[in-house]
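Nothing fancy with the numbering, it's 1 onward along the sequence.
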Amino acid sequence: MRPHVLSLLGRRLLGATFVLGLGVAPAMADTLRVGTQGDPASLDTAHIGGSVWENDILGDIYEGLVTLSPEGQYIPGAAKSWQVSDDGLTWTFTLRDDARWSDGEPVVADDFKRAFTRLMTPSNAAVYASLFYPIKNGRAITEGTAAPETLGVDAPDARTVVFHLERPTPYFEALLANIAASPVPTHVLDQFGDHWAEPEHIVTNGAFTPTDWVANDHLSTQKNTYFHDAASVSLDGVTFYPIENRNTGLRRFRAGEFDLVRDFPPERYDALKEQLPGAVHLAPQLANYYFALNQRDGHPTADARVREALNLAVRRDIITDKIMNGTVTAARSFVPDGVNQYDAQSMPGLEAPMDERMTRAKRLLSDAGYGPDRPLELTLRYSTTEANKRIAIALASMWKPLGIKTSLINAEGRVHYADLAAGTFDVGRASWVADFDDAANFLGILEQGAAKNYGGYQSDAFDELMSRAARTQDPETRQTLLERAERQMLGDYALIPIYIDTSRNLVNPKLTGFADNVLNRHLSRWIKFVDSDH
């Protein structure tokens with residue numbers, strides 16, 4: 001099959017001719033070349049897949065009301081200022097006078113109102129909809145029990161966006177820095193409907209705007225001259241290359257083909273520190289790596305005894321030390337250590353010696369009806385990277401002494417996560433990188449109905465604790481409730497936590513403006529080349 005080539009703006013906006021099918025982006029003096037982990041599922045923020053790498057691309061081409069500094073601090077984006085009512089229920093944002101789309105049209109308040117309405121519309125099944133449930137009627141609309149026009153987002157005039165919340169949400173500004181909170185160009189949406197983000201129609205309001213996209217090869221952007229801070233943007237453009245094989249990304253970085261690579265093989269860390277000391281960035285990150293356990297009817301992992309046995313048999317220290325080369329920390333919790341105003345909890349039983357854990361695991365599987373005459377058979381899915389493959393093989397090996405037969409299935413990232421969302425697995429590799437520094441951002445993905453609740457975990461007790469925490473304004477009481485919720489989930493063995501992750505980046509030493517931060521978000525608008533000879 002021929003590669004799918006998208007020439008996004010063409011002569012209409014760029015005054016340049018693109019030869020379709022060649023996969024060659026226009027040469028630019030200061031074009032940042034980024035090796036990212038995959039293609040975005042869409043350039044329409046209501047249809048993105050929720051993958052980490054979508055932050056790289058969509059974060060560059062769109063700007064929400066709030067954005068991020070190089071250090072990961074929340075700063076004004078398309079809004080120049082905002083106010084919060086005394087009761088914390090009303091947030092009023094004033095847009096910049098010079099906020100523009102890449103076709104020169106002004107960014108208006110209705111662009112944000114329409115974006116949030118589309119995000120909550122049930123037919124879009126937006127993966128990030130639940131993140132914005134604090135907005136009045138957000139959950140009800142997403143669940144189909146309220147009309148979209150009742151969403152608590154108003155646009156009283158072209159420069160004012162007002163959010164009405166169900167409950168006080170002190171971290172609401174952090175939510176608005178998420179790529180899903182980006183505006184949509186109403187003037188284009190009205191003309192082309194859901195096709196607005198297709199090649200011949202798309203316009204964007206970020207520092208960069210797309211020029212061409214060859215699926216599985218590259219996505220090129222150029223500087224958006226209408227961006228409100230365009231004068232401070234040094235780069236002429238950014239080209240993203242989807243590279244799932246970390247060793248391939250490393251080789252191309254060494255060869256000078258990439259200026260930034262958004263991961264590297266952890267087993268190469270020690271060598272890279274010596275060989276590329278100025279390029280290797282390893283830093284703390286609010287992120288975890290885990291395996292979802294399918295708890296829907298018909299899957300052996302629906303049995304809590306099976307889930308506990310699988311957890312007990314996993315030697316996390318082997319994975320962190322031997323496979324990940326000590327670049328990550330073994331996890332007994334789902335919420336990472338270091339989250340603001342929170343103490344990570346621990347899964348029961350993991351503190352016991354390994355022989356005791358294996359003895360209990362065998363007994364649990366026997367009680368569940370599995371043994372030599374009826375071995376437990378599992379399907380484990382993982383996304384294609386060398387580390388993921390090695391971890392999947394390690395899990396199958398660790399479970400083998402229990403008589404478990406594990407079938408391994410791998411796919412590229414976008415397909416893998418589609419399989420997880422469809423529930424076609426028993427055990428599935430997953431991860432979560434914080435959208436903001438709060439325990440609820442991790443635990444919230446396990447609530448019933450959440451799009452990222454891949455395993456279909458259902459616990460009324462857990463959901464009630466999360467609901468109470470959401471309604472609580474007292475920080476200490478809220479922390480206690482969230483910690484109880486994590487203990488409930490861990491005691492149900494809802495998933496298999498493996499490790500707390502770090503960010504691993506390779507950065508051309510000639511770049512400035514790249515700063516390690518716990519969110520591992522890096523907007524290209526801040527990046528500059530020390531010189532143009534690269």
Could you verify whether a donor N or O on one side chain and an acceptor N or O on the other, from [X] and [Y], lie under 3.5 Å apart?
X: Gln341; Y: Arg478; answer: no
X: Ser366; Y: Arg363; answer: no
X: Gln448; Y: Tyr457; answer: no
X: Ser383; Y: Arg429; answer: yes
X: Tyr370; Y: Asp303; answer: no
X: Asp297; Y: His299; answer: no
X: His47; Y: Asn124; answer: yes
X: Thr480; Y: Arg484; answer: no
X: Asn178; Y: Asp435; answer: yes

Looking at [X] and [Y], what are the two nearest heavy atoms and their distance?
X: Tyr290; Y: Ile445; answer: OH-CD1, 3.9 Å
X: Ile243; Y: Gly35; answer: CG1-CA, 4.5 Å
X: Tyr493; Y: Pro348; answer: OH-O, 2.8 Å
X: Pro170; Y: Trp91; answer: O-CH2, 4.0 Å
X: Thr45; Y: Ser182; answer: CG2-CB, 3.9 Å
X: Tyr133; Y: Glu166; answer: O-CG, 4.0 Å

Sub-4.5 Å side-chain heavy-atom contact between [X] and [Y]:
X: Leu293; Y: Asn311; result: yes
X: Asn340; Y: Asp438; result: no
X: Glu486; Y: Leu443; result: yes
X: Asn441; Y: Leu131; result: yes
X: Asp367; Y: Leu365; result: no
X: Tyr382; Y: Phe425; result: no
X: Thr320; Y: Asn325; result: no
X: Thr221; Y: Thr239; result: no

CA sep, side-chain torsions, deciding dist, call: Leu395, Thr406, side-chain contact (heavy atoms from CB on, under 4.5 Å): CA-CA 9 Å; Leu395 289 185; Thr406 307; over 6 Å; no
Side chain Tyr62, main chain Leu43, donor-acceptor under 3.5 Å: yes
Under 3.5 Å donor-acceptor, Arg246 side chain and Glu244 backbone: yes
If you count heavy atoms of other groups shown closer than 6.0 angstrom to [atom1] of [X], is the number above 12?
X: Glu274; atom1: CD; answer: no
X: Lys273; atom1: NZ; answer: yes
X: Lys452; atom1: NZ; answer: yes

Within 45° cone and under 6.0 Å: Arg252 NZ/CZ vs Tyr241 ring: yes
salt_bridge([X], [Y]) N-O dist < 4.0 Å:
X: Asp321; Y: Arg316; result: no
X: Lys322; Y: Asp317; result: no
X: Glu308; Y: Arg360; result: yes
X: Asp419; Y: Arg381; result: yes
X: Asp60; Y: Arg525; result: no

Check against side-chain contact (heavy atoms from CB on, under 4.5 Å), Leu286 and Asp437: CA-CA 8 Å; Leu286 297 182; Asp437 185 359; 3.5 Å; yes
side-chain hydrogen bond (donor to acceptor under 3.5 Å, both in side chains) between Thr384 and Asn410, intermediate numbers included: CA-CA 6 Å; Thr384 306; Asn410 72 294; 3.0 Å; yes
Measure the [atom1]-[atom2] distance between [X] and [Y] for me, rounded to the nearest 0.5 Å.
X: Asn245; Y: Thr385; atom1: CG; atom2: OG1; result: 8.5 Å
X: Asp501; Y: Asn288; atom1: CG; atom2: CG; result: 8.5 Å
X: Leu376; Y: Leu402; atom1: CG; atom2: CG; result: 9.0 Å
X: Asp492; Y: Met347; atom1: CG; atom2: CE; result: 9.5 Å
X: Leu495; Y: Trp432; atom1: CG; atom2: CH2; result: 13.5 Å
X: Leu364; Y: Arg307; atom1: CG; atom2: CZ; result: 11.5 Å

Worked verdict on Asn520 versus Asn505 for side-chain hydrogen bond (donor to acceptor under 3.5 Å, both in side chains): CA-CA 9 Å; Asn520 198 21; Asn505 292 289; 3.2 Å; yes
Step-by-step side-chain hydrogen bond (donor to acceptor under 3.5 Å, both in side chains) determination, Thr248 to Arg251: CA-CA 5 Å; Thr248 299; Arg251 285 196 298 271; 3.2 Å; yes
By side-chain contact (heavy atoms from CB on, under 4.5 Å) - contacts of Arg268 (at least two apart): Asn247, Leu250, Arg254, Pro265, Leu272
Aromatic plane relationship, Phe514 with His281 - under 30° parallel, 30 to 60° tilted, over 60° perpendicular: perpendicular
Derivation of the salt bridge (charged side-chain N to carboxylate O under 4.0 Å, His left out) call for Arg139 and Glu143: CA-CA 6 Å; Arg139 178 189 287 269; Glu143 295 176 349; 3.3 Å; yes
Partner of Asp259 under side-chain contact (heavy atoms from CB on, under 4.5 Å), chosen from Ile527, Val238, Val34, Asn508: Asn508
ring-ring contact (aromatic ring centres under 6.0 Å, His included) partners of Phe116, counting only residues at least two apart: Phe132, Phe163
Chi angles and distances behind the side-chain contact (heavy atoms from CB on, under 4.5 Å) call for Asp39, Glu412: CA-CA 10 Å; Asp39 270 330; Glu412 60 96 7; over 6 Å; no
Verdict with reasoning, Tyr499 to Tyr289, per ring pair (Phe, Tyr, Trp, His ring centres under 6.0 Å): CA-CA 5 Å; Tyr499 61 74; Tyr289 184 109; 4.5 Å; yes
Centroid separation Tyr171 to Phe436 less than 6.0 Å: yes
